[in-house]
Each structure stands twice: as C-alpha cells, then as structure tokens.
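Just so it is clear, the model here is predicted, and its values are computed rather than measured.
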Amino acid sequence: MAPSGVNHLSHPCISGDFASSHAEKKSGWMKWLSRIFRPGANRGGGGSRHPQQLVGDQENMFRRAPARSSEDPSRAQKEKEELDHAIALSLAEDLKRRNRYRRRTDNDEAIARELQDKMNLSPYPSVAPPQYHPGDYSCRYCGGCNRAIGYGNYLGCMGTYFHPSCFRCRSCGYPITEHEFSLSGKDPYHKSCFKELTHPKCEVCHQFIPTNRAGLIEYRCHPFWSQKYCPSHEHDNTARCCSCERLESWNARYISLGDGRSLCLECMESAIMDTGDCQPLYHSIRDYYEGMNMRIDQQIPMLLVERQALNEAIVGEKHGFHHMPETRGLCLSEEQTVTSILKRPRIGGHRLVGMRTQPQKLIRRCEVTAILVLYGLPRLLTGAILAHELMHGWLRLKGYRNLNPEVEEGICQVLSYMWLEAEVMPGFRSGPSTSGASSSSSSSSSYHSSTSSKKGGRSSAENKLGEFFMHQIANDASAAYGEGFRAANSAVNKYGLRRTLDHIRMTGSFPV
C-alpha cells in the first residue's frame, strides 16, 4: 500500500496600508521655510522690530514681509546671508532625500519626475504594486466583493487584493485572521478547514490519520471497500468481519459469533445460522448443478458447524488440500462424528446466545461422506462455499482422481464464481462457459428464472457483498485457489465447461 502525502500549502498573509506620505513630505519643506521666515527674529540693533506672520493654509502659504529701512545696510546684508544659508541647507537636504530614493528604486525617470514636481505634493502613497499607477486606485478591486479598494488596510494574496473582511475561508465562510492559511488554486482556507477537507480520517477511530517519520500520511486501504484506517489498527486487536473483511468502527459494534469470529451488522442481515435454515439454499444449488447438466444423484448430507468442529474434521481427513489459514467449508470423505448447529442462536447484546448443537455420526455411503460449512455467514457467501464443495463432491463421484490442487481447487472456484455471477448479475455470462456446459440452454434459463422468482428483490448491500465475494475469488493470491481459478476460468471461457472437464479427465490439466 503506497503512502500518500498531502501537502498543505500555507502562505503568509500579506497586508498593506494606504497611509499617505503627504505629511512626511510637507514636514521637510516646513523645516527650511521656518528657518527663512522665523517670526519675531531680531535682525540687528537699534531698529524697529516687525513680527513675521504665516498666513493661509498649509497647502498655499505666503509671508507678509517686514518693512525695511534704507538706513540699515548692515541688517539687509545679514538677512541676505541668512537667506543664502537657508537655501544651501534646503539643497543639502534635498540631495540627501534624492540619494535615499535612488537606493530604493532604479527608476531614474521616476526620480526626475519627483524632483520636478516636488512642490506639487501628492496625497497618495509613493509605494504601490508594480501593476498599478501610484495614484490610480480606481482600478484595484477586492477579490471578495468586487468593489474598488480605497483608503485603509488591504490584503494581497497571489496577485489578488481583498478588504480584510472579504478575505474569507472558502469552506466555512468566516474571515481569515490568522497569519497563515492554506490555498487551493485561488481559494483560501483556514488551515483547520483545509485539513478537514483534504486530510484523510481513519474510518475505525475517526481521527486524522497521523503522519509517519518521513512526514507522509500513511494508511491502509481495503482494495474493494476502500476503507481507510490507521496502520496501528492491524495490530491492536480491532475486530474484523469474518465475511466482508471490514474493520470494526468504534461507533458500530460487531456481533461476536463465539468461536473467535465477528460479523458486521450488514452481513448479519442475511446470515444463515443453523443447518435447517441452510437446507433450501443447499437444494437450490444442487438444482443449479442439474441445470448445468451436472446432476448429483447421491444425497450428500450437509451440516452447518462451528469453527472448532470444522478444524477437527479437517484433521480427521486423510487426504485433501485446504485453504489456510481460514477454511470455511469441507467435502468429507471419511466417516466422522461432527457437532452441527441444531438450533440457531439469538442476539444478546453484541454476541450470540442460546445456541444448541448436536453430535452427528457421518457414515460413508459413497465417495463423499458429507459437506460441512461454517455457520453465521451471509447467504451469498454460504452459497458460494456450497457450490465450491459440491464441485469437489461431483468430481469424486464422477471418477476424477489424483488431481493436483491447482486443477481441482481451480475448477471448484470457477463453479463458485459462476453461481455468484448468476445470483448477482443474472444473464451476464453468455459465452461458451454456460452454453457448452448444458445439453440445452432452456434448462439453465428455467433455473435462473425460478431462483429469481424465489429470492425476489435483493438489497443493494447484499448485491455489493456478492460482488465482493467474486472479487475475492478473482484476486486470490494463493497458488491453488488464485492461480488455479484464473487458469480454469480462462479455459472455461475459451472452450466451455464441458470440454474443459473432459480434458481434465483425460490429461489431469486445463486445455490451453
């Protein structure tokens, strides 16, 4: 299972202010003007004093000059020297300001324009994004409300500008006030909202799946159900459904079958609990074989058993290949005493109670003694197991001997798959696999119509279970059950079931 990584794109929030630099520029000019026009200055000894006054507003300012006496040339000379000194100071300050501006930008044309128009002060900020003219704010629009951005604070993100109240999370709709946020395309999100949308949650504990040491989000995912969960749940005794293999969620308890197995509530809806309940299904599958021109004349006993009883029966078998570590059915060839489920249990809390069992002596009257199947499995899975074990019985009764496990288990899996296919997708398989198997297509068609009328409408959940059981058969990784099925299914699809079985009888292998 490949780890996945989700990268969260976090961007710092960029903010700005349209505070005008008008006051800063005016203050520089006022400094040197005040040196020239100092009110109430004493220009010399002995003469009359005339206070200097500033009249008008700060934008249009002029001075009322004092009356001068022609009789005081020394004072006039002194005023001239002071004026020259003030002008020199002003030029020096202006030169310093030009040098600072040159360090901020390489735009010589803008420097020349600023020096030329220094008396015509602009009330707008001197620094603006390159795509806008410094004084033209009518073309800057908010990406949230689409209105023009005037004076005041604003936010800039990925070339788009926002009023602070318009910069909102795409998920929850509330303003983003944090210094960091997540971005998907051009849509901003709170980091927490983005995590809720993109970071996978475990479907067992319902928490965010943690990252591994490499910083990647590592989780397990069921290949059919797509159930995502933390890797730790594979080792913390979390219950797994013995039918569909899904892990138990912390808010949906499974039913304990009492023999180490658990069953989810979905599988529990169609579970078959005792031998009596299973008889109609067993006989319908025998009818299916008859419709495939593979009649089984012997009355082979069929019992539903617990896990322990099935394992004990496997040990008592001298021959046979079994799918480990979990065996769900068995075609017995030896005489044994087996404990079967006589009365179905009832649900008490999260476990089954009130089960009645009965030991039964199985006597061998033919090549097959009995067919055993685990109790408590859904109807479709129980039927698929019965179809598989009945094929073992058919092969033994028809004299197919000493087949290697890949051939025998492979062809039995094909019959199990075909029965599921007929139940879940009736009429789907129309190739040589069915037409070559029966002497007449009418018998097979009459079987499908009869079973369809008996079972009535089946829920979509049960059909999905049937598709899962087919998926299990098709993707089994074992050599006998998996590779054997794929080789047998290829032969049946190419030559038909009857010709494939004839070839197996003569050669002990599949036709190629």
Do S333 and R396 pair up side chain to side chain, a donor and an acceptor below 3.5 Å, judged on atom types alone? yes
Nearest heavy-atom contact between T337 and K361 is OG1-CD, 3.4 Å
Verify, without hydrogens or angle tests, whether N493 (side chain) and N489 (backbone) share a donor-acceptor contact under 3.5 angstrom. yes
To the nearest 0.5 angstrom, please state how far the CG atom of L390 sits from the CG atom of L397. 9.5 Å
Does Q298 CD have over 12 foreign heavy atoms under 6.0 Å away? yes
Is the number of heavy atoms from other residues, nucleotides or ligands within 6.0 Å of CG (N402) greater than 12? no
Looking at N146 and G143, what are the two nearest heavy atoms and their distance? OD1-O, 4.3 Å
Is the shortest side-chain heavy-atom distance between K398 and M294 below 4.5 Å? no
Step-by-step salt bridge (Lys or Arg N to Asp or Glu O under 4.0 Å) determination, E406 to R486: CA-CA 10 Å; E406 184 173 331; R486 287 182 280 276; over 6 Å; no
Heavy-atom distance under 4.5 Å between the side chains of M302 and C278, does that happen here? yes
Which of these, E234, E203, R246, sits in a side chain to side chain donor-acceptor pair (under 3.5 Å) with Y229? E234
Would you please indicate yes or no on a ring centroid separation below 6.0 angstrom for F468 and W225? yes
If I take atom CG from residue L377 and atom OG1 from residue T382, how far apart are they, to the nearest 0.5 angstrom? 4.5 Å
May I ask you to decide if the ring planes of H233 and W250 are parallel, tilted or perpendicular, using 30° and 60° as cut-offs? perpendicular
Parallel under 30°, tilted from 30 to 60°, perpendicular over 60°: which one fits the rings of H199 and F208? perpendicular
Taking the six-membered ring of Y289, is the NZ or CZ of R295 close enough (under 6.0 Å from the centre) and on axis enough (within 45°)? no
Give a yes or no on whether the backbone of D187 and the side-chain of S184 come within a donor-acceptor separation of less than 3.5 Å. no
CG/D297: more than 12 non-hydrogen atoms of other groups inside 6.0 Å: yes
With a 6.0 Å cut-off on the ring centroids, do F194 and F181 count as close? no
Between L381 and S243 the two heavy atoms that sit nearest each other are CD2-OG, 3.9 Å
Run the salt-bridge test on E389 and R328 with the 4.0 Å N-O cut-off and return the result as yes or no. no
Tightest non-hydrogen contact, residues P301 and T369, listed as CD-O, 3.3 Å
Side chains of E306 and T357: does their closest heavy-atom pair fall under 4.5 Å? yes
Do L415 and L497 have side-chain heavy atoms sitting under 4.5 Å apart? yes
Given side-chain contact (heavy atoms from CB on, under 4.5 Å), test S249 with H206 step by step and report yes or no. CA-CA 8 Å; S249 173; H206 304 289; 2.8 Å; yes
Ignoring hydrogens and geometry, is there a side-chain-to-backbone donor-acceptor pair from Y495 to V512 under 3.5 Å? yes
Rounded to the nearest 0.5 angstrom, the SG-OH distance for C242 and Y254 is 10.5 Å
Stepwise side-chain contact (heavy atoms from CB on, under 4.5 Å) test for I411 and V492: CA-CA 9 Å; I411 196 64; V492 170; 4.1 Å; yes
Are the side chain of N475 and the backbone N or O of H471 linked by a donor-acceptor pair below 3.5 Å? yes
May I ask you to check whether E245 and Q472 show a side-chain donor-acceptor distance below 3.5 Å? yes
Does T507 reach the main-chain N or O of S509 with its side chain, forming a donor-acceptor pair under 3.5 Å? yes
Is there side-chain contact between R168 and I176, with at least one heavy-atom pair below 4.5 Å? no
Decide salt bridge (Lys or Arg N to Asp or Glu O under 4.0 Å) for E312 and R307; before the verdict, give the C-alpha distance in whole Å, the side-chain angles of both, and the deciding distance to 0.1 Å. CA-CA 9 Å; E312 291 174 354; R307 193 182 202 179; over 6 Å; no
Closest non-hydrogen atom pair between C267 and L465, with its separation: SG-CD2, 3.7 Å
Minimum side-chain heavy-atom gap I149-H163 below 4.5 Å: yes
Between A271 and L263, the two heavy atoms sitting closest are CB-CD2, 3.9 Å
For side-chain contact (heavy atoms from CB on, under 4.5 Å), just list the numbers for V414 and T500, CA-CA rounded to whole Å, side-chain angles, deciding distance to a tenth of an Å, and then say yes or no. CA-CA 11 Å; V414 166; T500 300; over 6 Å; no
Heavy-atom side-chain contact between S226 and C221 under 4.5 Å: yes
Tell me whether Q227 contacts the main-chain N or O of L247 through its side chain, where contact means a donor paired with an acceptor under 3.5 Å. yes
Return yes if some donor-acceptor pair links the side-chain N/O of R498 with the main-chain N/O of N293 below 3.5 Å, else return no. yes
Is R261 positioned over the aromatic face of Y375, cation under 6.0 angstrom from the ring centre and no more than 45 degrees off axis? yes
Distance from M470 atom CE to L380 atom CG, nearest 0.5 Å? 10.5 Å
What is the distance from atom OH of Y282 to atom OG1 of T275, rounded to the nearest 0.5 Å? 12.0 Å
Can you tell me how far CD of E196 sits from OG of S192, rounded to the nearest 0.5 angstrom? 7.5 Å
With the threshold set at 4.0 Å, does a side-chain nitrogen-carboxylate oxygen contact exist between R240 and E248? no
Between M273 and I341, does a side-chain contact (heavy atoms from CB on, under 4.5 Å) hold up when you go through it step by step? CA-CA 8 Å; M273 290 298 182; I341 308 296; 5.9 Å; no
Within the 4.5 Å heavy-atom criterion, are T339 and P359 side-chain neighbours or not? yes
Would you say the side-chain atoms of Y481 and Q413 include a donor-acceptor pair closer than 3.5 Å? no
